[in-house]
Peer 1: 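The structure that follows is given in the form of structure tokens.
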2 protein chains.
Amino acid sequence: MAITIKEIAKLAGVSKSTVSRVINDSEHVSDKAREKVQQVIKETGYVPNSLAKNLKRNQTDTIGVVLPKINTSTFSSAVEGISNVMYQNGYNLLLTNTKLNVKDEITYLNLLKEKRVRGILFFATEITDDHLEALNKIDIPVVIIGQDTSEIFDFPCVIQDDFDAAKSIVNHLIQQGHQDIAYIGVEENDVAVGQLRKLGYFEALQENDLKTFSDYIYKGDFSIESGWQGMKKIINRVERLPSAVFAVTDRLALGAIKYLKQNGYQVPEDISIVGIGNSDISPWVDPGITTINYDHEQTGEEASQILLKYINGTKREEKKVMDYQIIKRDSVAQI
Amino acid sequence: MAITIKEIAKLAGVSKSTVSRVINDSEHVSDKAREKVQQVIKETGYVPNSLAKNLKRNQTDTIGVVLPKINTSTFSSAVEGISNVMYQNGYNLLLTNTKLNVKDEITYLNLLKEKRVRGILFFATEITDDHLEALNKIDIPVVIIGQDTSEIFDFPCVIQDDFDAAKSIVNHLIQQGHQDIAYIGVEENDVAVGQLRKLGYFEALQENDLKTFSDYIYKGDFSIESGWQGMKKIINRVERLPSAVFAVTDRLALGAIKYLKQNGYQVPEDISIVGIGNSDISPWVDPGITTINYDHEQTGEEASQILLKYINGTKREEKKVMDYQIIKRDSVAQI
DNA sequence: TTGTATGCGTTATCAA
DNA sequence: TTGATAACGCATACAA
């Protein structure tokens with residue numbers, strides 16, 4: 001059992017109140033008493049019990065983070081950004097990892113409420129009725145990251161413009177002369193990545209009077225392996241080879257490139273490839289991947305700022321759409 | 001202000017004690033009272049205040065994690081493993097990110113003490129006198145990850161066998177006929193990566209009566225860019241080209257490969273390259289990188305298990321050296 | 001400037 | 001089976 005304020009008081013020959021005043025840099029403490037108390041604290045290595053402090057103050061300095069997977073650069077970068085901002089503002093991070101298990105999200109939301117966290121940063125993938133119920137009852141400031149929930153919830157959200165970004169990168173392909181563009185994506189329960197990026201792809205094609213074929217469409221998961229598999233499936237079943245491939249993430253693009261190289265195709269000479277996300281390895285692989293850059297760290301920072309405003313009760317932004325840029329590298333050929 | 005047990009009691013027409021018993025699945029509650037209380041809890045969305053509970057019980061279910069950088073696959077994978085084990089055992093994670101700032105480590109250690117976390121997982125890079133002082137006073141179970149501190153501290157530690165691993169992979173190069181092997185490493189304040197891996201390199205050379213030249217040695221940081229720079233420096237200053245390069249991480253290897261390809265060298269035909277770490281992208285880049293596999297997720301899990309044992313006061317392992325394997329891919333040629 | 005007393009929300013002890 | 005009450009460690013209003 002750790003040492004308490006009471007014992008410090010006894011050792012220093014003062015009352016608990018005086019010790020408390022010293023700890024909190026309060027006025028009205030004689031230099032003599034202050035010195036004595038500080039000395040005793042140093043000797044004993046006393047550290048105040050923040051449980052008691054927070055109970056008394058009825059608020060904590062902890063921010064809860066709910067995220068689907070930690071070891072993915074998108075999320076870990078965002079957490080990096082979050083920790084930057086939150087630490088500067090005196091908050092700590094309670095991290096909960098749902099491992100892509102949607103049910104756990106509800107569990108964790110309740111856990112965070114139990115912990116009386118000051119606010120919650122919620123990385124959403126899909127939003128179910130259970131989410132609705134849990135979030136509506138939570139009574140804690142929440143900012144949602146990654147999915148546009150502005151029409152469902154009264155909470156602010158921070159999103160990438162997935163639709164526009166996908167459309168832009170596919171348009172870039174079209175501008176380079178590509179007409180037969182295949183698609184390697186993910187399942188559609190993830191609205192932002194699975195649905196919006198696909199819609200962007202279709203819209204770009206449509207606006208340019210281009211057709212797509214079901215042969216050209218592959219949906220898998222988020223793994224690099226899935227990109228490899230997708231490329232394989234497409235290559236093997238297709239009548240006419242696509243001249244370009246739009247992969248909805250850089251990791252998928254990397255897998256696709258690997259398959260092509262292993263099977264004697266040159267990238268971009270034979271087939272061009274683009275991704276989305278600008279993974280940290282994308283400039284370094286061969287060829288460097290042309291992609292959309294989102295600054296995930298900045299997304300985390302932005303979401304944190306919005307949450308802080310929310311907590312402090314000042315103005316409340318409803319929806320923040322993060323910027324993106326096309327990064328042109330060497331995976332696209334002009335034809 | 002959230003609703004409290006007192007109000008639940010009033011609404012349910014029972015005493016606080018009865019509500020508490022219902023919450024904690026205690027015996028000695030009539031079905032009628034139980035039902036009534038549960039109903040009120042459901043209606044109000046009441047969630048117990050864990051601050052008060054923990055204060056009363058004088059212990060928390062929180063594990064503190066101190067780590068130098070989140071968005072690095074080594075660390076984020078380890079955190080993934082940690083969250084696996086800790087969640088299963090009913091613990092939550094309080095995450096602190098030092099951003100490679102050693103001074104912050106001390107700050108965070110104190111913060112975690114203030115929070116009365118149940119145990120600490122400490123990812124160490126270097127150990128200073130300040131660390132010694134802080135850790136010796138902490139009075140909370142700590143497990144150190146990544147650096148061998150068994151001779152300095154009375155805390156358990158979980159490490160990779162960096163020396164052996166480096167020696168093995170360099171030996172593999174030698175077995176493939178390489179004699180001129182360059183080194184791309186990191187600064188030596190990081191004992192495990194900066195010192196031990198270099199020592200393993202030297203020892204492998206020495207045991208095989210091979211020489212190295214100062215021209216062959218480059219030390220930078222952990223970025224992919226640094227691998228690129230290192231390769232450039234070595235290529236440009238060397239009299240005789242090395243036939244192989246040992247990079248102390250896969251990311252450094254990736255940077256080195258990029259430089260070589262950009263400058264007309266073929267990997268592995270002209271120069272072979274190996275790394276350490278088996279990054280998730282290493283099988284997918286071109287060529288696939290021959291490397292040492294550490295299972296970081298498992299490292300996190302192992303450290304968590306040890307911490308749990310420590311917390312529960314059962315047997316205490318002093319030092320756990322994690323296993324490794326050589327993964328042979330396509331970045332090494334036989335000569 | 002200092003100390004005493006009270007309460008934060010919960011659990012646990014004891015008596016009813 | 002229930003309820004009143006004390007206690008956890010701290011901050012604070014108030015009295016001295």
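Chain identifiers are assigned alphabetically (A, B, ...) following the order of the sequence lines, protein sequences preceding nucleic acid strands; residue numbering begins at 1 within each chain.
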Peer 1: Between D:dC8 atom P and A:E7 atom CD, what is the distance in whole Å?
Peer 2: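 From A:E7 CD to D:dC8 P: 11 Å.
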
Peer 1: How many whole angstroms separate atom CD of B:E114 from atom C1' of D:dC10?
Peer 2: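 Taking CD of B:E114 and C1' of D:dC10, I get 12 Å after rounding.
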
Peer 1: Counting distance only, does the side-chain N/O of A:N49 pair as donor-acceptor with the main-chain N or O of A:L51 below 3.5 Å?
Peer 2: yes

Peer 1: Could you check how far NZ of A:K10 sits from P of D:dC10, rounded to whole Å?
Peer 2: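 Whole-Å distance recorded here is 14 Å.
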
Peer 1: Can you identify which nucleotide, out of C:dT1, D:dT2, C:dG3, has its nearest atom closest to the B:A33 side chain?
Peer 2: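 Looking only at side-chain atoms, B:A33 lies closest to D:dT2.
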
Peer 1: According to the interplanar angle, ranging from 0 to 90°, do the rings of A:F153 and A:F155 count as parallel (below 30°), tilted (30 to 60°) or perpendicular (above 60°)?
Peer 2: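 Ring orientation of A:F153 relative to A:F155: tilted.
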
Peer 1: Looking only at atom types and distance, does a side-chain atom of B:E114 sit under 3.5 Å from a main-chain N or O of A:V47, one as donor and one as acceptor?
Peer 2: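 No, because the side chain of B:E114 does not come within donor-acceptor range (under 3.5 Å) of the backbone of A:V47.
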
Peer 1: Expressed in angstrom and rounded to an integer, what is the separation of B:D25 atom CG from C:dT11 atom P?
Peer 2: 12 Å

Peer 1: Specify the separation, in whole Å, of atom CD1 of A:I5 and atom P of D:dG9.
Peer 2: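 Atom CD1 in A:I5 sits about 11 Å away from atom P in D:dG9.
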
Peer 1: Could you list, one pair per line, each protein nitrogen or oxygen that sits under 3.5 Å from a nitrogen or oxygen of nucleotides 13-16 of chain D, together with the distance?
Peer 2:
none

Peer 1: Between B:S20 and C:dA12, does any side-chain N or O lie under 4.0 Å from OP1 or OP2?
Peer 2: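 For B:S20, the contact criterion (side-chain N or O under 4.0 Å from OP1 or OP2 of C:dA12) is not met.
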
Peer 1: Rounded off to whole Å, could you give me the CG-to-C1' distance for the B:D31 and D:dT2 pair?
Peer 2: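 Going from B:D31 (CG) to D:dT2 (C1'), I get 15 Å.
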
Peer 1: If each of B:R57 and B:T18 is mapped to the nucleotide of DNA chain D with the nearest heavy atom, which maps nearer the 5' terminus, i.e. the 5' end?
Peer 2: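 That would be B:T18.
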
Peer 1: Taking the side chain as everything from C-beta on, heavy atoms only, tell me whether A:R34 gets closer than 4.5 Å to A:V37.
Peer 2: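 A:R34 vs A:V37: side chains apart.
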
Peer 1: Evaluate the ring planes of A:Y108 and B:Y87, with Trp represented by its six-membered ring, and classify them as parallel (under 30°), tilted (30 to 60°) or perpendicular (over 60°).
Peer 2: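 A:Y108 vs B:Y87 ring planes: tilted.
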
Peer 1: Looking at every non-hydrogen atom in both residues, tell me the closest pair between B:S150 and B:D148 and how far apart they are.
Peer 2: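 Where B:S150 meets B:D148 most closely, the heavy atoms are OG-OD1, 2.7 Å.
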
Peer 1: Does anything in residues 44-56 of chain B come within less than 4.0 Å of DNA chain D? Heavy atoms only, and list the residues if so.
Peer 2: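 Close to the strand are B:L55, B:K56.
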
Peer 1: Take atom NZ of A:K6 and atom C1' of D:dA11, then tell me their distance rounded to the nearest Å.
Peer 2: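 Result: 16 Å.
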
Peer 1: Atom CG of B:N58 to atom P of D:dC10: distance rounded to whole Å?
Peer 2: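 After rounding, the gap between these two atoms is 10 Å.
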
Peer 1: Around atom NZ of B:K99, are there more than 12 heavy atoms from other residues, nucleotides or ligands closer than 6.0 Å?
Peer 2: yes

Peer 1: Does a side-chain N or O from B:S15 land closer than 4.0 Å to OP1 or OP2 of D:dG3, or not?
Peer 2: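 Yes.
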
Peer 1: Check this for me: B:D31, atom CG, are more than 12 non-hydrogen atoms of other residues, nucleotides or ligands nearer than 6.0 Å?
Peer 2: no

Peer 1: Which residue in the set A:T125, A:D162, A:D190 passes side chain to side chain donor-acceptor pair (under 3.5 Å) when paired with A:Q147?
Peer 2: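 Exactly one option meets the side chain to side chain donor-acceptor pair (under 3.5 Å) with A:Q147, and it is A:D190.
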
